[in-house]
Amino acid sequence: MLKDLRINNSLSGKKELFEPIHAPFVGMYVCGPTVYSDVHLGNVRTFVSFDIIYRYLLHLGYKVRYVRNITDVGHLVNDADAGEDKIAKKAKLENIEPMEVVQRYTQDFHRVMDQFNALPPSIEPSATGHILEQIELIELLIEKGLAYEVNGSVYFDVKAYQKDHNYGKLSGRKIEDLLSNTRALDGQDEKRESVDFALWKSAVGTDHIMRWKSPWSDGFPGWHLECTVMGTKYLGKTFDIHGGGMDLKFPHHECELAQSVGAHGHDPVKYWLHTNMLTVNGQKMSKSLNNSFLPHELFSGDHELLERPYSPMTVRFFMLQSHYASTLDFSNDALLAAQKGYRKLMNGLKTLRNLHVNEGEDATPNEKATAQINQICDNCYRAMNDDFNTALTLGHLFNLLKKINNLHTQNLTISQIGQEAFDRMKHTYKTFVLEILGLKEESNLDIDGLMDIVIKEYAAAKEAKNYDKVDVLRSSLKSQGIVLKDMKSGIDWAYEE
RNA sequence: GGUCCUGUGGCCGAGUGGCUAGGCAGUGCUCUGCAAAAGCAUCCACAGCGGUUCGAAUCCGCUCGGGACCUCCA
């Protein structure tokens, strides 16, 4: 019963029972970042959301293959034929190689994900590593009459696809609206219809550095192609979960879907998941709106909208307090509240470590008390099983924490709830906080500051010739791997060598 | 303009036909040398107007407000 996971499938718009295609294996593909600049907090929210989903699936015992790509080519600045590749543009701007751009921001992305305690994916493929596969897919699509070549570029023929399939079924769009809703963009002459999208872009006659040989021209692949190709390569022609931010639903995921269906004749994905946006004053956080926060700005507090710094785990907790499919509004007050809540939860772990059965406590467990504990533990699973509702899960964990604190203050005793329920409570709390929600204890202790206090005590004891105390301090510190050094210039400390 | 989402207490945010969400803040009390932490109690709510129902924050309609996508975005 506790394993009845239900997830909201964007394709059907309904909450569906999660049944993997080949249990216990689960294939999950998440659209990763385009590495042309720093990831901002909104980007982070999506990856943290999928980190929770990944962690929970693992916790349920599934063998998950989590693929998250790195987009390092093909993502155009806009949809026009003359649209520049984002990576190439940045490289030109900074006068470095495109691959230097890619390397720099990929490394930065990994560092940030690590700071937020997100588990690395099982496979992290890059678009440039799969040019051959992308060319093969384009050839297949041309063969099937779903793509056409113009001047060395190849476009997906949405109208031709529409004859047998339904373009727009994921994003809820009608093809007629898309066809009539044409926007005048420069240099779209090559495409037969504005809804058609690039599979291959010719770089002939341009100074594009990122180019590969193909049957059509020296050029580079279109953005939507990489996900189709890499998803298929590592997870198969049908896999369980495909996720990404809400803003990728159209056109990116719609195009991906069309490419897969066009090439293989059937849907590639059983459950589509979309995470919602992080907002600032009610508006979507995005690079183009200039309202985004970079992780390091948050950690340092160095941003005009920030009153003070916030730690990675505070921010993670803040994100967990909302559901992944809801927008989440960023504010100082909310972050401050999150910091306190987060620390309270962490203090619970500490309290829990020190809870033990008292000697001579052997009263019979109170049925009601035991049932309450079990109820709360069940609730944690129930909440996560309901489309990964982390906000509700946190609520239940705080209820559990209240019980833990009651034990701590002896308003409640372990014997009253019974050893079994106590063990379950302990295990549930730790597992949910650390493993499933992926929170960790952050030590912001300043060891130099602490040692100053100790050294003052030490100096005072020496002054008073209280050598017993001096010896105790020395040996206690030594057991922590720290040695004190009495020098003419004063007392110093060092790690034991 | 089209499509869709959304409006919950001082703040943030779950819930979704009947049962205390939770966190932060506030108030009172217990504990305490003073604090802090913790506990106990308490205050503050479902945008507005209609409708369905024994019962609606939850379903339906309208009005008003906010947002997303339709162009690059997680």
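Within every chain, numbering begins at 1; the chains are lettered A, B, ... in the order of the sequence lines, protein sequences first and strands thereafter.
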Under a 4.0 Å N-O cut-off, is there an ion pair linking [X] with [Y]?
X: A:Glu94; Y: A:Lys90; answer: yes
X: A:Asp85; Y: A:Lys89; answer: no
X: A:Lys191; Y: A:Asp157; answer: no

Let me see the working for A:Lys86 and A:Asp72 under salt bridge (charged side-chain N to carboxylate O under 4.0 Å, His left out), right down to the final yes or no.
-> CA-CA 9 Å; A:Lys86 288 193 175 195; A:Asp72 56 358; over 6 Å; no

Which listed nucleotide ([options]) is nearest to the side chain of [X]?
X: A:Asn405; options: B:C70, B:A74, B:G39; value: B:G39
X: A:Asp177; options: B:A38, B:C70, B:G2; value: B:G2
X: A:Asn406; options: B:C70, B:A74, B:G39; value: B:G39
X: A:Lys340; options: B:A25, B:C70, B:A74; value: B:A25

Using a cut-off of 4.0 Å on non-hydrogen atoms, how would the nucleic acid contact of [X] be classed: base, sugar-phosphate, or nothing?
X: A:Gly42; answer: base
X: A:Met246; answer: nothing
X: A:Ser286; answer: base
X: A:Lys344; answer: sugar-phosphate
X: A:Lys284; answer: base

Measure from NZ or CZ of A:Arg173 to the centre of the six-membered ring of A:Phe250 and say whether it is under 6.0 Å with the direction within 45° of the ring axis.
-> yes

Under the 6.0 Å and 45° cation-pi test, does A:Arg308 pair with A:Tyr310?
-> yes

Collect all protein-nucleotide pairs involving nucleotides 41-44 of chain B in which both atoms are nitrogen or oxygen and the distance is under 3.5 Å.
none

Please work out which of the three classes, parallel, tilted or perpendicular, describes the rings of A:His224 and A:His252, given edges at 30° and 60°.
-> tilted

Determine yes or no for a side-chain-to-main-chain donor-acceptor pair under 3.5 angstrom, with A:Glu442 supplying the side chain and A:Met313 the backbone.
-> yes

Dot-bracket notation for RNA chain B, counting Watson-Crick and G-U pairs under 3.5 Å, with | for partners on another strand | (((((((..(((.....[...))).(((((.......)))))....(((((..]....))))))))))))....

Would you please say whether a donor-acceptor pair under 3.5 Å links the side chains of [X] and [Y]?
X: A:Ser322; Y: A:Arg45; result: yes
X: A:Ser260; Y: A:Glu256; result: no
X: A:Asn290; Y: A:Ser288; result: no

At under 4.0 Å between heavy atoms, which parts of nucleotides 4-21 of chain B does protein reach? Answer with one letter per nucleotide, 5' to 3': B base, S sugar-phosphate only, - none.
-> -------SSSSSS----B

So, is A:Asn281 close to the B:G66 phosphate, meaning a side-chain N or O under 4.0 Å from OP1 or OP2?
->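 Checking A:Asn281 against B:G66: no side-chain N or O falls below 4.0 Å of OP1 or OP2.
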
